[in-house]
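What follows is a short report on a single structure.
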There are 2 protein chains.
Amino acid sequence: MTVRSEPAQHAGMRASNLALVLGEIARTGSVSRARVAAHTGLTKSSVSALVTDLISAGLVAESGPASTERGRPATALALAPAGAAGLGLEINVDYLAAVVTDLAGAPRYHHVVRRDNRDRGVDEVVADLIDVARTAAGSAAAQGLPLAGACVAVPGLAVDGTVVRAPNLEWPRVDLADSVGDAIGLEVVLENEANLAALGEMWFGGHQDDSAPLRDFVHVSGEIGIGGGIVIDGEVFRGAHAGAGELGHVVVAPGGPRCACGGHGCLERMAGQQEILARAQVATMADLTHACEAGDQAALDAVADAGRHLGVALASVLTLLDPAAIVLGGAFATLAPWLSAATSASIGHHTGATEPPPLLVSGLGSDAAVRGAAGTVVRRVIADPAAYLAQRPAGRVGPS
Amino acid sequence: MTVRSEPAQHAGMRASNLALVLGEIARTGSVSRARVAAHTGLTKSSVSALVTDLISAGLVAESGPASTERGRPATALALAPAGAAGLGLEINVDYLAAVVTDLAGAPRYHHVVRRDNRDRGVDEVVADLIDVARTAAGSAAAQGLPLAGACVAVPGLAVDGTVVRAPNLEWPRVDLADSVGDAIGLEVVLENEANLAALGEMWFGGHQDDSAPLRDFVHVSGEIGIGGGIVIDGEVFRGAHAGAGELGHVVVAPGGPRCACGGHGCLERMAGQQEILARAQVATMADLTHACEAGDQAALDAVADAGRHLGVALASVLTLLDPAAIVLGGAFATLAPWLSAATSASIGHHTGATEPPPLLVSGLGSDAAVRGAAGTVVRRVIADPAAYLAQRPAGRVGPS
DNA sequence: CACTTTAGTTCACGACTCGGACTATGTATC
DNA sequence: GATACATAGTCCGAGTCGTGAACTAAAGTG
């Protein structure tokens, strides 16, 4: 019928507090029960009981005594690395990738298969992805990491486990979640590559300051197309039909040339890889980088021009969304040395802001999306441990 | 330190369920306890207890028996009109306004004072606003409506009860919330006019379909400036520094003329009232409307051109935010007959979307912001009745 | 070695919701 | 019109879970 939040019951209260405690342990890395109590507002007794459950569920482990100034030393609590793990997969235009991440977010397996997937059949690519996934799952099992699920990054729009649109792969509708899920025996979730890259950057990009983690920003991922991921309060913003964040099709040249999307003057049409390469008169991104390093003027002009157009799009993003930062990822991260000055100048020219938010450069590059995919799985476990434990009857909660 | 959600406790559980029940009653207008139980997932016993509290707090009233098909007839529950009321105030460039709204959202008092506030001192305008507020509060008292608080719509940026920036009024920082709050003895909240207009439109605009209320949309309010309100999942989106939604300063003409905000080629610079009036060679908005009605070509061209520019900005909004609808408000609602065709065409030209979201026209016009301000107050009571009751010891909860 | 300080546990208590039994009050059936 | 049935709402015992104070544990300090 309509939006209707769940009733608050005892089980929900416990689930919520379980998540609160686990989240605090995850956030700090290592804390005592007493500090968790102080930080969360729960009493020591409640925290003790909750921690007991988390330990017996295998999600948390005591990691030895921790020295304190005075008084009895605390016992440090940390996420149990072998408590739960996430499998991240990625289908992209020119590669397949897999990552296994443990509960703490550390990558424990990473594999990339480079191959152009544009001219191959869907079934062929899916079979390859399943192969990659099986190998990754095998590695996880060998390391004693129980996979809590999988998440696949796709270069297109995914709704309810189905790839609805993948322009650069020219795929029809594909029920990817079901086919992959059946093959590897895990629950599989699909998500747009640009959104996952943004999350990966937030969790693993190293931009977060301990006092003020980056939770409101826009991530620009320049792969073959130009994607955008909007993160609001730590969560991806998807819009009413899961189509939000399409930075590549923001208008930067009203009345400009027609774009493949059907619009006119889109950013992707003016500053996409095809356009930059053509203007710089080189064949590949590697060539472009070399040309820029060599000081080739045509290459530098092409990149700076793309930077200017990007700045126009970002100026609109800043006025509309007021993010705390912008992160340049993918190809834009590689080109940042020759691009960001033009982009910053263009942003400054098109907004009146005296102090625009920082323009950061991704440290993960093309790995951001797979890392984000794997992180999504373990973050979900941390955000709702009760749901995870209920789902797998192997893990038993409660005493005796 | 960082984001940290509250621990779930018994009191919070009850507060949450109280809100759930009251929200269900507000949403449906009139329901029985049994239906509330079925819809919320709570048991009949819990609902009974919660409703008893709400009734004794004066927020809900039994509104007589309701016929059912078979079995014992239900007793209908409805919001008590005299349970709590909200005072909405608005300071704008050329008027002050006040509205009192009862719990159900019905306006019970409405007063507008037209006067140009640009060339007057801040203190003078604030004194006038306090006068207007006092008169409104008096009317509420005379009608037996207890005011739960007040909300002031300001044409600028408001942070923590202080007007930080009000470009069209040329105001310095003003502690409006405190001065008005002290004068009328109510808690006062400040909010941007464009955001409140969006909320007013959502709650009272009549766009909501019962099966699918409008909860994700962008509202364009064309007053002297051009404002935008972004509503995501029923709530205003403010961004990291409360500056989100500034539709007026989205770039629609890269490299265009300098705007008062410091940027170049902003929508407001290209399609603001000043620009339209100048191009149409008329003095006031009323003149412009008459000219359009009379078929004056210069006026029609000016409006259509503004519509085209608006379409460019909205195309970017659609690709970035993917809203379920766009609502034209303020002056754009008045001009809609001569503007919306150009806007729709421009949106179509600049996006590839085969089916862009509907372009709706506001039914509230300039009243949207005050109505929204008053609505904010009562909505907050409905969203968290426990907090409201705890705040005023007069209302006693619990039996005996 | 007593005193202080901090960490963590135990347990009686209270605040909830749940769920079934019970009462109230109407319509359908014969 | 008496009986069966269906639905609304109340009552009360049971279960769950956080609280808070008392208690035990384990260090450092004078």
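Each chain gets a letter, A, B and so on, in the order the sequences are listed, and its residues count up from 1. This is a predicted model, so every value here is computed, not measured.
In this structure, CG of A/L18 is placed 10 Å from P of D/dC17, rounded to the nearest angstrom. Atom CG in B/L50 sits roughly 14 Å away from atom C1' in D/dT10 (whole-Å rounding). As a whole-Å value, the separation of B/L42 CG from D/dA8 C1' is 17 Å. Atom CD in B/E62 sits roughly 8 Å away from atom P in D/dG9 (whole-Å rounding). In this structure, A/K44 atom NZ and C/dT5 atom C1' are separated by 11 Å, rounded to whole Å. When the P atom of C/dA24 is taken as reference, atom CZ of B/R33 falls 16 Å away, rounded to whole Å. If you take CD of B/E6 and C1' of D/dG18, they are 15 Å apart, rounded to a whole angstrom.
The phosphate of C/dC18 has OP1 or OP2 within less than 4.0 Å of a side-chain N or O from B/S46. Applying the 4.0 Å criterion to OP1 and OP2 of C/dA15, one finds that B/R14 has every side-chain N and O outside that range. In terms of phosphate contacts, B/S48 brings no side-chain nitrogen or oxygen within less than 4.0 Å of OP1 or OP2 of D/dC11. Put simply, A/N17 has a side-chain N or O that comes within less than 4.0 Å of OP1 or OP2 on D/dG18.
Contact of B/R72 with D/dA8 (side chain to base): a donor-acceptor pair of N or O atoms is detected under 3.5 Å. The base of D/dA6 does not come close enough to the side chain of B/R70 for any donor and acceptor atom to sit less than 3.5 Å apart. Under 3.5 Å, the side chain of A/S45 and the base of D/dG20 form at least one donor-acceptor pair of N or O atoms.
With salt bridges taken as basic N to acidic carboxylate O contacts below 4.0 Å, one links B/R238 and B/E191.
Each of A/A49 and A/H10 has a nearest nucleotide on DNA chain C; the 5'-most of these lies closest to A/A49. Checking A/P73 against A/T43, the closest nucleotide of DNA chain D that is more toward the 5' end is the one next to A/T43. Two residues, A/A76 and A/Q9, neighbour DNA chain C, and the one matched to the more 5' nucleotide by heavy-atom proximity is A/A76.
What you find for B/A244 and B/G239 is that their closest heavy atoms are CB-N, 3.7 Å.
Residues A/E24 and A/T28 bring no donor and acceptor atom of their side chains to less than 3.5 Å of each other.
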Do any side-chain atoms of residues 372-388 of chain B form donor-acceptor pairs under 3.5 angstrom with protein atoms, and if so which ones, sequence neighbours left out?
from: B/T376; atom 1: OG1; to: B/G372; atom 2: O; distance (Å): 2.8
from: B/D384; atom 1: OD1; to: B/A387; atom 2: N; distance (Å): 3.3
from: B/Y388; atom 1: OH; to: B/R392; atom 2: NE; distance (Å): 3.2
from: B/Y388; atom 1: OH; to: B/R392; atom 2: NH1; distance (Å): 3.3

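Ring planes of B/H10 and A/H10: perpendicular class, angle over 60° (limits at 30 and 60°).
Across all strands shown, B/A8 has heavy atoms under 4.0 Å from sugar-phosphate atoms exclusively, and none from any base.
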